[in-house]
Amino acid sequence: MLVKTYGAAVRGIDAIIVTVETVVDRGINYCIVGLPDTAVKESHERVRSALKQSGYGLPRQSVTINMAPADVRKEGAAYDLPIAISTLVGAEIITAPSLSDYVIMGELSLDGSVRPVRGVLPMAIEARRQGFKGMIVPRDNATEAAVVDNLAVYGVDRLADVIDFLRGASELRPTVVDTRAEFAGATGLFDYDFADVKGQENVKRAFEVACAGGHNILLVGPPGAGKSMMAKRLPSIMPPLTLGEALETTKIHSVAGKLRAGSRLMTVRPFRAPHHTVSPVALVGGGSSPLPGEISLAHNGILFLDEFPEYPRSVLEVLRQPLEDRHISVSRARYSVDYPAGFMLVASMNPCPCGYYNHPTKACTCRPGQVQKYLGRISGPLLDRIDIQVEIMPVPFDELSSMKRGESSADIRRRVVAARELQARRFAGESDIHCNAQMNSRLISRCCVLEPEVAGILKQAMVKFDMSARAYDRILKLARTIADLDASESIGASHMREAISYRNLDRASWGSAKNTPF
């Protein structure tokens with residue numbers, strides 16, 4: 001007897017429906033075809049034991065299973081559940097009249113319990129798009145799949161529960177999640193707040209500008225100045241996720257298997273901080289079984305790279321394309337996938353190998369030329385894509401011991417959100433342009449018109465500090481963001497001076513005695 005059950009396979013961050021076709025006939029053969037990997041082929045033993053523990057057994061007949069489309073590789077143990085059900089129905093051990101109404105996914109334990117799998121959210125989205133009535137998944141994945149409305153999601157603990165439900169012998173209660181209500185009720189509470197940071201007002205302002213315009217930022221300062229401590233507080237002043245961004249972010253983490261059991265929609269922007277020993281594949285994604293990398297897990301959030309020059313050159317250089325295009329294409333001999341990578345890069349580094357160049361109280365012990373050589377570990381094209389480069393110095397004792405609290409993250413966030421709302425209206429007619437950092441040359445010409453006085457300030461800075469031409473567009477984007485924070489239609493002289501002050505590493509005099517402020 002031929003029986004069809006339905007599962008799903010993940011490609012990139014999307015899913016496609018997989019038809020599990022099972023034929024049970026005379027003989028003793030057991031065969032799975034349709035490009036299965038080792039985990040799928042090993043399902044035979046898990047299914048056999050799970051069926052036995054559930055009061056059933058594998059038929060003593062020939063079982064042939066085809067997983068279509070046959071040119072898409074099927075990976076993982078998530079196909080155990082549809083294989084087990086289709087085998088029982090194909091052998092006419094049970095009947096399941098409504099079998100074709102559901103997408104079924106789940107890994108089986110030897111005792112018949114159903115274990116969670118990854119990628120359930122994009123599977124649920126595709127199931128709804130294909131018109132399925134519902135989806136049967138492990139209970140730990142039920143709330144994740146129930147984020148998708150107009151799709152009945154049934155969470156199960158054991159294989160026997162699925163069999164009884166499809167036979168009509170028992171009922172399952174669908175998992176219901178009110179996505180919009182949960183999203184609207186997100187508290188936005190954070191473990192870290194800028195109110196706890198003493199001093200560092202210039203760095204706080206730089207962070208505010210970076211978040212308001214979506215600009216990448218590099219912190220340069222000695223050990224113990226607070227670079228990592230302040231970077232961890234950045235999510236608290238980022239604009240809240242929109243519902244669309246939250247769904248996209250949750251899909252990526254679902255595919256990567258990063259969601260905890262019982263997780264629902266992500267409501268806080270991700271903050272990823274990989275160690276400097278990370279490999280290029282771990283950063284951009286891919287591998288023998290392709291998964292999203294750190295830059296995709298940071299999509300719609302922050303990628304924090306501490307000790308920036310310590311990352312291998314090969315790792316840093318793979319950031320160049322995603323920083324510009326906001327997506328990454330991973331092509332290998334067996335597959336080609338696209339992952340989104342619209343993250344804000346936040347990096348930190350010491351100013352020199354010893355860490356004390358420009359320190360107010362400690363002398364730098366580096367030999368002549370070492371400062372430039374240390375900075376040279378970061379290539380010019382990569383540095384070009386970092387809009388804000390700001391120095392951070394240790395906080396004096398008087399400020400550090402003060403009991404006065406700084407401005408709270410909530411207050412800073414309100415200004416950031418107001419600036420982003422201005423940009424949303426400005427770019428309402430543009431596709432894939434949501435903030436000032438994403439402006440192209442056409443939009444820069446339209447949105448960053450300078451008065452003669454302001455243009456003169458920019459020209460003077462370019463000549464005085466021998467800045468490269470690549471800094472020109474970056475300064476204009478920064479000035480536009482600073483003007484937005486002031487709710488100003490035009491870019492003023494003060495906005496331009498502040499924007500220029502954030503381009504320290506563009507100066508030819510960096511690392512020499514000529515390094516003077518503008």
Side-chain angles (χ1 to χ4, degrees), residues 3-10 15-20 22 32 34 36-56 58 65 67 74-90 94 96 98-128 132-148 151-167 170-175 254-255 257 259-263 289:
V3 176
K4 294 183 180 181
T5 56
Y6 298 93
V10 174
I16 61 172
I17 296 299
V18 172
T19 304
V20 181
T22 303
I32 300 178
D37 72 349
T38 302
V40 178
K41 292 177 181 177
E42 290 174 346
S43 66
H44 174 267
E45 299 304 321
R46 292 191 297 272
V47 169
R48 181 187 61 79
S49 177
L51 286 173
K52 183 178 180 180
Q53 295 299 322
S54 302
Y56 299 90
L58 272 179
I65 300 169
M67 310 181 80
K74 319 305 183 304
E75 299 175 332
Y79 299 99
D80 292 355
L81 194 53
I83 288 174
I85 296 298
S86 64
T87 302
L88 289 178
V89 177
I94 65 170
S98 61
L99 184 60
S100 61
D101 292 336
Y102 301 98
V103 171
I104 305 173
M105 294 297 284
E107 177 185 343
L108 290 175
S109 292
L110 297 183
D111 62 356
S113 59
V114 183
R115 297 171 57 84
V117 297
R118 62 181 178 86
V120 166
L121 179 55
M123 294 176 187
I125 293 171
E126 182 64 15
R128 181 185 65 179
F132 285 90
K133 179 181 176 181
M135 191 170 182
I136 299 173
V137 297
R139 188 171 300 280
D140 286 345
N141 293 124
T143 52
E144 176 188 337
V147 166
V148 180
L151 181 74
V153 175
Y154 300 96
V156 295
D157 294 311
R158 302 189 63 81
L159 172 60
D161 299 337
V162 184
I163 296 172
D164 291 342
F165 173 69
L166 292 174
R167 287 174 52 223
S170 67
E171 290 291 328
L172 291 176
R173 181 174 296 178
T175 302
S254 173
V255 169
L259 295 180
R260 295 190 299 271
S263 295
S289 297

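Counting all heavy atoms, side chain and backbone alike, Ala9 lies closest to Tyr79 at CB-OH, 3.3 Å. When all heavy atoms of Val148 and Ile125 are compared, the closest pair comes out as CG2-CG1, 3.6 Å. In this structure, Ala77 and Ala39 approach most closely via the heavy-atom pair N-CB, 4.2 Å. Smallest separation of non-hydrogen atoms from Leu151 and Gly134: CD1-CA, 3.8 Å. Minimum heavy-atom separation, Pro122 to Ala15: O-CB, 3.6 Å. Residues Met105 and Ala78 share a closest heavy-atom pair of CE-CB, 3.4 Å.
Glu126 places none of its side-chain heavy atoms less than 4.5 Å from the side chain of Ile16. Between Thr175 and Thr143, some side-chain heavy-atom pair lies under the 4.5 Å cut-off. Looking at Leu172 and Val156, their side chains come closer than 4.5 Å, going by heavy atoms from C-beta outward. Looking only at side-chain heavy atoms (C-beta outward), Tyr6 and Ser100 come within less than 4.5 Å of each other.
Distance CG/Leu108 to CD/Gln53: 12.0 Å, rounded to 0.5 Å. Put simply, CG on Leu166 and CD1 on Ile104 are 5.0 Å apart, with the number rounded to the nearest 0.5 Å. Rounded to the nearest 0.5 angstrom, Leu159 CG and Ile85 CD1 are separated by 5.5 Å. One finds the NZ atom of Lys41 at 9.0 Å from the CD1 atom of Ile32 (value rounded to the nearest 0.5 Å). Taking CG of Leu51 as the start and CG of Leu88 as the end, the distance is 5.0 Å to the nearest 0.5 Å. Expressed to the nearest 0.5 Å, how far OG of Ser43 lies from CG of Leu81 amounts to 11.5 Å.
Using cut-offs of 30° and 60° for the angle between ring planes, the Tyr154 and Phe165 rings count as tilted.
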(message) Working note: Leu58 + Thr87, criterion side-chain contact (heavy atoms from CB on, under 4.5 Å); need CA distance, chi angles, decisive distance, verdict.
(response) CA-CA 8 Å; Leu58 272 179; Thr87 302; 3.8 Å; yes
(request) For the pair Ile94 and Val89, evaluate side-chain contact (heavy atoms from CB on, under 4.5 Å) and give the outcome as yes or no after the intermediate values. (result) CA-CA 5 Å; Ile94 65 170; Val89 177; 3.8 Å; yes
(request) Step by step, work out the side-chain contact (heavy atoms from CB on, under 4.5 Å) result for Arg139 and Val114. (result) CA-CA 8 Å; Arg139 188 171 300 280; Val114 183; over 6 Å; no
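Listed by chain and residue number, Glu144, Thr250, His253, Ser254, Ser263, Met266 satisfy the side chain to side chain contact (heavy atoms under 4.5 Å, CB included) test with Leu259 (two or more places apart in sequence, or in another chain).
Under a 3.5 Å cut-off, the side chain of Lys74 and the backbone N or O of Gly34 do form a donor-acceptor pair. For Ser49 (side chain) and Arg46 (main-chain N/O), no donor-acceptor pair under 3.5 Å exists by modelled atom type. Judged by distance alone, with hydrogens and angles left aside, the side-chain atoms of Tyr56 form no donor-acceptor pair with the main-chain N or O of Arg48 at under 3.5 Å. Judged purely by atom type and a 3.5 angstrom limit, Asp157 has no side-chain atom pairing as donor or acceptor with the backbone of Ser113.
For Arg158, the CZ atom is densely surrounded, since the number of other residues' heavy atoms within 6.0 Å is greater than 12.
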